[in-house]
Amino acid sequence: MKAHLTELLFSVVKQITDYTDSSIIVIDRPKIISHGDFSTNLCLILSKKLKKPPREVAAIILKQIPPSELISKIEIAGAGFLNFFLSSKANNEIINNVLSLKESYGKNKTGNNQKIQIEFVSANPTGPLHVGHGRGAAIGDCLARLFEASGWIVTREFYYNDAGEQINNLTQSVKASCQNISTDDPRFPSDGYHGDYIHDIAKAYLSKKKIECQGQIIKATGEIKDTESIQEFSIAYLRNEQDQDLIAFRTKFDVYTLESSFYKNGKVDSVVNKLIEEGHTYEKDGALWLKTTNFGDDKDRVMKKTDGSYTYFIPDVTYHLDKWERGFKKVINEQGADHHSTISRVQAGLQGLNKNIPENWPEYVLHQMITVTKAKKEIKISKRAGSYLTLRELIDEVGCDATRYFLAARRPDSQLIFDIDLARSQSNDNPVFYIQYAHARISKVIEQWGGDVSKLKLDESFTFENSAELKLIKSISIYPEIVLQATNELAPHQIANFLKDCAAELHSYYNDSKFLVADKNIKLARLSLINSARYVLKNGLQLLGIEAPQQM
RNA sequence: CUGCCCGUAGCUCAACUGGAUAGAGCACCAGUUUUCUAAACUGGGGGUUACAGGUUCGAUUCCUGUCGGGCAGGCCA
């Protein structure tokens, strides 16, 4: 439809100006219903060039624009906007289009079957997943669904930092716990983890439990001195917990990559050698430094410590080189904003490899930290201190749907405040139920009607006139644009907000009109309309990974 | 001190990347059920978009500065 309007407008623009490119024409969807279905600011832009007031330009265009059976009315409004109103024929086509596309309505093929890799959550196996990880999971998974809906072939990936200092801390903490050393004992590792789960792991380890993790069985030896076994078991234990939490959160990954694998297969060493070879390194104070300042960082970074081990970002660079070599031209990393300083280092490292990797590759979506409050007081989310709200607790208490909605419904860069008491007491206020209720209501009406839904089709000659109906049609027609926009802007929250609006239109309509009326034409038309709305709600909820119930 | 993100109704958040009268939910006030689910709907009050300048037909959005909050600035990850 936008293309159609652009074509109509451009045919006039060609006559009255010397523009040869239709890109100056931008078609918008006005917020206010009285401003029509589409609008353009074209006249405001042409005004300067033609040296005429915008409204005068509008009058000229209006006079010359060719007629279209899809448009019932064009108005000049405000400072010089042109507002377009769709004809009933155009409205009917929208609805019949939804009814024939069904679950495919809203999808597009702009991805053109290209490969995209989305990395998200990537929590260290040093503790259970908390709300912050939940936010990453909700956003990352919705992004993946959005790209799938836009015709991309998506690989979801989880990266485990299972090597390095933090794992040592974990191992030492569990070991201390095995020896009954309490966290306030001076012998407890000073950088150790204090959470209760450390005791759980220790207990399981001492009783020689078996843990299944990613298809492998890990068995604890139960020996306190067997540090290797403690480490292996602790990681397996926590990975297993995280996996189960993610399954409960309906988040699946296609690929799990272990940091340790890049040490084992020698890729870390080859990256380091390549960086040395390319002349981006130097030795100082007994350590090896990477000249990240060559690539825009504000100071150089140590890559090889004096003890011979590498700093964390070297395996990170290796991992990203691996992504590149696997053929992903588009990669998105969804992570917490506390990791933002790694971006410049990873990108610097990749540039230093001289492999023609684009400067702004990979792309990042950073979500801001969540502030958790309880009884109006802030709770610090800290693995070390062991005080945090786990994702599992959240799912158990408020449900997967409500949690997913809540965490995906806000802009990633908003610092959202999560009130535990509110979530517990008022989970019914979560807008997700409002949306699901709209879906359930439609389902019930159609069930009571009892006819063959697959044969529902709107009669060409039917005209919707009721304003509740027109608003709902507009909402339905916008949906594919929202999907595309949310994908391009990496903004899943737009889907959530749209669905809330769409559900509101449906509820208004529901209260305004009765659907199962005696007049057969009106009945079938209304059923066609609400059934197409049902597809929009269902498809939109699917993008958020939320169920669309038949009844509530 | 330096870099990144943010500041919108009493509270939690939107605003289609520069558009028209800044919108929802919660909370508050007043209404709606012999009818397909009232987990709903209708109406009302509530705003100097932190503050001060600038850019232009037009700014919550872009630029500069100030104030306030968060996160980073480890040979931790």
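All chains are named by letter (A, B, ...) in the order of the sequence lines, taking the proteins before the strands, and each is independently numbered beginning at 1.
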Please state how far atom [atom1] in [X] lies from atom [atom2] in [N], giving the value in whole angstrom units.
{"X": "R135(A)", "N": "rC71(B)", "atom1": "CZ", "atom2": "C1'", "answer": "13 Å"}
{"X": "N430(A)", "N": "rG25(B)", "atom1": "CG", "atom2": "C1'", "answer": "10 Å"}
{"X": "H367(A)", "N": "rC71(B)", "atom1": "NE2", "atom2": "C1'", "answer": "12 Å"}
{"X": "D285(A)", "N": "rG74(B)", "atom1": "CG", "atom2": "P", "answer": "14 Å"}
{"X": "D162(A)", "N": "rC76(B)", "atom1": "CG", "atom2": "P", "answer": "18 Å"}
{"X": "F81(A)", "N": "rG18(B)", "atom1": "CZ", "atom2": "C1'", "answer": "10 Å"}
{"X": "D338(A)", "N": "rC6(B)", "atom1": "CG", "atom2": "P", "answer": "16 Å"}
{"X": "E75(A)", "N": "rA20(B)", "atom1": "CD", "atom2": "P", "answer": "17 Å"}

Is a donor from one side chain sitting under 3.5 angstrom from an acceptor on the other, for [X] and [Y]?
{"X": "E75(A)", "Y": "N83(A)", "value": "no"}
{"X": "E241(A)", "Y": "Y197(A)", "value": "no"}
{"X": "R411(A)", "Y": "H367(A)", "value": "no"}

Just call it for [X]: base, sugar-phosphate, or nothing, with non-hydrogen atoms closer than 4.0 Å on any strand.
{"X": "K304(A)", "value": "nothing"}
{"X": "N41(A)", "value": "base"}
{"X": "E165(A)", "value": "sugar-phosphate"}
{"X": "A77(A)", "value": "base"}
{"X": "A79(A)", "value": "nothing"}
{"X": "S414(A)", "value": "sugar-phosphate"}
{"X": "N488(A)", "value": "nothing"}
{"X": "Q436(A)", "value": "nothing"}

Indicate whether OP1 or OP2 belonging to [N] is found under 4.0 Å from a side-chain N or O atom of [X].
{"X": "H493(A)", "N": "rA15(B)", "value": "yes"}
{"X": "K299(A)", "N": "rU2(B)", "value": "no"}
{"X": "K500(A)", "N": "rG25(B)", "value": "no"}
{"X": "K31(A)", "N": "rC16(B)", "value": "no"}
{"X": "K52(A)", "N": "rC57(B)", "value": "no"}

Quick one: the side chain of [X] and the base of [N], do they pair up donor-acceptor inside 3.5 Å?
{"X": "Q415(A)", "N": "rG69(B)", "value": "yes"}
{"X": "S47(A)", "N": "rC57(B)", "value": "no"}
{"X": "T126(A)", "N": "rA77(B)", "value": "no"}

Below 4.0 angstrom, N of the basic side chain to O of the carboxylate: do K474(A) and E505(A) qualify?
no

Determine, answering yes or no, if H35(A) is stacked on rA20(B) under the 5.5 Å centre rule and the 30° plane rule.
yes

Check whether NZ of the Lys or CZ of the Arg K323(A) lies under 6.0 Å from the centre of the six-membered ring of Y319(A) and within 45 degrees of that ring's axis.
yes

Checking R301(A) against F313(A): charged group under 6.0 Å from the ring centre and within 45 degrees of the axis?
no

How does protein contact run along nucleotides 36-43 of chain B, one letter per nucleotide 5' to 3', with B for base contact, S for sugar-phosphate only, - for none, heavy atoms under 4.0 Å?
BBSBBSS-

Using Watson-Crick or G-U wobble geometry with both distances under 3.5 Å, which nucleotide pairs with rU42(B)?
rA30(B)

G-U wobble or Watson-Crick pairing nucleotide for rG7(B) (cut-off 3.5 Å, both distances):
rC67(B)

